[in-house]
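Everything below concerns the one structure shown next.
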Amino acid sequence: MPWLTASCGSRLVAAMYRTSTTASWVSLPTRRTTPAQRYASAVEASKRIRWDIDRDVIRGREFDFGRKFLPDGLSKVGELAFLTPAETRFLSQIQGRTYANVFGLVERFIAAEVLDVARDHQTGDQKALEALVRFTDEEIKHQELFRRIERMCAAGMPDGYAFLPEPNAVASAVLSKSRWGVLALICHIELFVLAHYRESIGDDAGLSELWKDVFLFHWKEESQHAILDELEWRRVHARLTDAERDQGVTDLIGLVGAVDGILQMQARADADYFLLRAGRPFSPDERASIHDVVLKAYRWQYIGSGVQGPRFAEVLASLTTPAQRDRIGEALSPILA
């Protein structure tokens, strides 16, 4: 999993700053409430929206493989004009299968980190402690949901698919980094989860209904998790020295680079699987385009849509210096070019 090298990223930094200064945030409770009130509200929301995998989400259904899984705005399959409708649908399903597996992967280290962070509240705000314990419990449930989704996909798709990253190894590598860097990565992930459902998945009538429901229920709980991520990131930030914060930025850059290494590996595997099972030959240029578009889609799904999202840009700008934002922008520039 390679680390990113720096290149000119001034335009990206400027775009992130413009976004951060004009962003509006639609979430309950609002930022005008105190942290204690926001922890308490997260507990109440967790109780109210609590769902069960079988009773509420799957409900005895199977995936409709006659429909897409991911919308075109996430999968980028519309950029491959030479594919037939059946081929674009199949490629969206491959990407959708990986999409679920990636969330199962990241929730392995999210649950572990949040459980550890909750220890800071053991003898403090008990609503904060409860909110983070509930958060951890929900992330463990989400891992089981995505394991179920993988088994259901495997039953309905051709042999040959492989999800290459090993979740425990990835979790161990992530958790070895500073808390500032890990919480920044987690906040980024959970904010793009919300954006994906709200802006792409929820309103797409062409997707498998069960697939949409999986991410509807996931979104409901992640809406509270994103609030808690920000609260904990800010709380940890306030206790650090300038040198520790700078190390956190270094770790965030390294973690994003590691994510990109995983995406490059999985994009190659998924494109190769598609080419193996598509049922017809493709020209060398077409094969190269399929590989390029899948990687582009994954970089957008798991990096670009998060770091360029208004809320993440706003929080990041409030917790970093201009020089640190320049470093982040330079590291991201090759990925998002």
Checklist line | Donor-acceptor contact present, side-chain Arg179 to main-chain Leu175, <3.5 Å | finding: no
Notebook entry, point to check: How many angstroms lie between atom CD1 of Ile290 and atom CG of Leu275, to the nearest 0.5 angstrom?
Noted result: 4.5 Å
Check: Do Arg245 side-chain atoms and His237 backbone N/O form a donor-acceptor pair below 3.5 Å?
Finding: yes
Margin query: Would Tyr161 and Thr98 count as a side chain to side chain donor-acceptor pair (under 3.5 Å) here? Give the steps.
Written below: CA-CA 9 Å; Tyr161 172 87; Thr98 288; 2.8 Å; yes
Notebook entry, point to check: Between Arg234 and Ser318, is any side-chain donor less than 3.5 angstrom from a side-chain acceptor?
Noted result: yes
Margin query: Are Ile140 and Val102 linked, directly or through intermediate hydrophobic residues, by side-chain heavy-atom contacts shorter than 4.5 Å (ILVMFWY only)?
Written below: no
Notebook entry, point to check: Is a side-chain N or O of Ser333 found less than 3.5 angstrom from the main chain of Glu330, in a donor-acceptor match?
Noted result: no
Margin query: Restricting to side-chain contact (heavy atoms from CB on, under 4.5 Å), what partner residues turn up for Glu244, sequence neighbours left out?
Written below: Leu240, Thr241
Note to self: Rounded at 0.5 Å granularity, tell me how far CG in Asp285 sits from CG in Asp292.
What the structure shows: 10.5 Å
Note to self: Does the structure place the NZ or CZ of Lys68 under 6.0 Å from the centre of the six-membered ring of Trp211, at an angle of no more than 45° from the ring's axis?
What the structure shows: no
Check: Mind checking whether Phe217 and Trp51 have parallel, tilted or perpendicular rings, split at 30° and 60°?
Finding: perpendicular
Checklist line | Minimum-distance pair of heavy atoms, taken over all atoms of Leu164 and Met265 | finding: CD1-CG, 3.5 Å
Item checked: Donor-acceptor pair, side chain of Glu107 and main chain of Ile110, under 3.5 angstrom -> no
Check: Under 3.5 Å, side chain of Asp246 to main-chain N/O of Asp242, donor-acceptor pair present?
Finding: no
Next item on the list: Write down the atom of Ile335, the atom of Ile303, and the distance for their closest heavy-atom approach.
Entry: CG2-CD1, 4.0 Å
Check: Which heavy atom in Val117 sits nearest to a heavy atom in Arg235, and how many Å separate them?
Finding: CG1-NH2, 3.6 Å
Check: For Thr136, which residues count as a side-chain hydrogen bond (donor to acceptor under 3.5 Å, both in side chains) partner, sequence neighbours excluded?
Finding: none
Checklist line | Residues Asp116, Arg119: salt bridge by 4.0 Å N-O rule | finding: yes
Next item on the list: Could you give me the CA-CA distance, side-chain angles and deciding distance for Tyr99 and Phe163, then say whether ring pair (Phe, Tyr, Trp, His ring centres under 6.0 Å) is met?
Entry: CA-CA 10 Å; Tyr99 191 76; Phe163 186 69; over 10 Å; no
Item checked: Heavy-atom closest pair, residues Arg61 and Met152 -> O-CE, 3.5 Å
Item checked: Verdict with reasoning, Arg311 to Glu314, per salt bridge (Lys or Arg N to Asp or Glu O under 4.0 Å) -> CA-CA 5 Å; Arg311 184 55 186 161; Glu314 182 179 355; 3.1 Å; yes
Checklist line | Tyr302 versus Asp260, side-chain donor and acceptor atoms under 3.5 Å | finding: no
Note to self: Between Ile94 and Arg277, does the side chain to side chain contact (heavy atoms under 4.5 Å, CB included) criterion hold? Intermediate values first, please.
What the structure shows: CA-CA 11 Å; Ile94 295 170; Arg277 296 301 185 185; over 6 Å; no
Margin query: Tell me whether Arg89 at atom CZ has more than 12 heavy atoms from other residues, nucleotides or ligands lying less than 6.0 Å away.
Written below: yes
Item checked: Side chains of Asp229 and His188, donor plus acceptor under 3.5 Å -> no
Margin query: So, taking the atom named OG in Ser172 and the one named CZ in Phe109, what distance separates them when rounded to the nearest 0.5 Å?
Written below: 11.5 Å
Checklist line | Intermediate values then yes/no, side chain to side chain donor-acceptor pair (under 3.5 Å), Ser289 and Glu286 | finding: CA-CA 5 Å; Ser289 293; Glu286 289 172 338; over 6 Å; no
Notebook entry, point to check: So does Asp125 have more than 12 non-hydrogen atoms from other groups sitting under 6.0 Å from CG?
Noted result: yes
Next item on the list: List the steps, then state whether side chain to side chain donor-acceptor pair (under 3.5 Å) holds for Gln301 with His196.
Entry: CA-CA 8 Å; Gln301 290 166 27; His196 289 181; over 6 Å; no
Item checked: Qualifying salt bridge (charged side-chain N to carboxylate O under 4.0 Å, His left out) pairs with a residue from residues 152-161, counting only residues at least two apart or across chains -> none
Next item on the list: Evaluate the criterion side chain to side chain contact (heavy atoms under 4.5 Å, CB included) for residue pair Arg97 and Asp270; output intermediate values, then yes/no.
Entry: CA-CA 10 Å; Arg97 185 173 178 179; Asp270 287 355; over 6 Å; no
Notebook entry, point to check: Under 3.5 Å, side chain of Ser200 to main-chain N/O of Tyr197, donor-acceptor pair present?
Noted result: no
Margin query: What's the separation between atom CG in Leu316 and atom CD in Gln324, rounded to the nearest 0.5 Å?
Written below: 9.0 Å
Check: Nearest heavy-atom pair of Ala111 and Glu139: which atoms, and what distance?
Finding: CB-CB, 3.9 Å
Note to self: Keeping Ser92 on the side-chain end and Phe69 on the backbone end, is there a donor-acceptor pair under 3.5 Å?
What the structure shows: yes
Notebook entry, point to check: Hey, does the side chain of Glu79 reach the backbone of Val293 with a donor-acceptor pair shorter than 3.5 angstrom?
Noted result: no
Note to self: Testing the 3.5 Å rule here: is there a donor-acceptor pair between the side chains of Arg327 and Thr250?
What the structure shows: yes
Notebook entry, point to check: Going through the distances and angles, do Arg239 and Asp120 end up as a salt bridge (Lys or Arg N to Asp or Glu O under 4.0 Å)?
Noted result: CA-CA 12 Å; Arg239 303 190 314 182; Asp120 292 350; 3.5 Å; yes
Next item on the list: Report the C-alpha distance between Arg148 and Asp54 in whole Å, list the side-chain angles of each, state the deciding distance to 0.1 Å, and finish with yes or no for side chain to side chain contact (heavy atoms under 4.5 Å, CB included).
Entry: CA-CA 10 Å; Arg148 292 279 297 277; Asp54 286 301; 2.7 Å; yes
Check: Does Glu113 reach the main-chain N or O of Arg108 with its side chain, forming a donor-acceptor pair under 3.5 Å?
Finding: no
Next item on the list: Start with the C-alpha gap between Asp64 and Leu210, add the side-chain angles, then the distance that decides, and say whether side chain to side chain contact (heavy atoms under 4.5 Å, CB included) holds.
Entry: CA-CA 8 Å; Asp64 182 353; Leu210 174 54; over 6 Å; no
Note to self: Less than 6.0 angstrom separating the ring centers of Phe192 and Phe312, yes or no?
What the structure shows: no
Notebook entry, point to check: How many angstroms lie between CG in Leu252 and CD1 in Ile328, if you round to the nearest 0.5 Å?
Noted result: 5.5 Å
Notebook entry, point to check: Where is the tightest heavy-atom contact between Ala271 and His291, given as atom of each residue plus distance?
Noted result: CB-CD2, 3.5 Å
Next item on the list: Tell me, with the steps shown, if Arg48 and Glu44 meet salt bridge (Lys or Arg N to Asp or Glu O under 4.0 Å).
Entry: CA-CA 6 Å; Arg48 185 174 65 253; Glu44 293 308 309; over 6 Å; no
Next item on the list: Give the ring-plane orientation class for His218 versus Phe103, where under 30° counts as parallel, over 60° as perpendicular and anything between as tilted.
Entry: tilted
Check: With no hydrogens and no angle check, is any side-chain donor or acceptor of Glu221 less than 3.5 Å from a backbone partner on Trp219?
Finding: no
Item checked: Inter-residue atom distance Tyr39.OH - Thr34.OG1, 0.5 Å rounding -> 10.5 Å
Margin query: Is it the case that the side chains of His121 and Glu232 hold a donor-acceptor pair, with the cut-off being a distance below 3.5 Å and no angle test?
Written below: yes
Margin query: Is a donor from one side chain sitting under 3.5 angstrom from an acceptor on the other, for Ser46 and Glu138?
Written below: yes
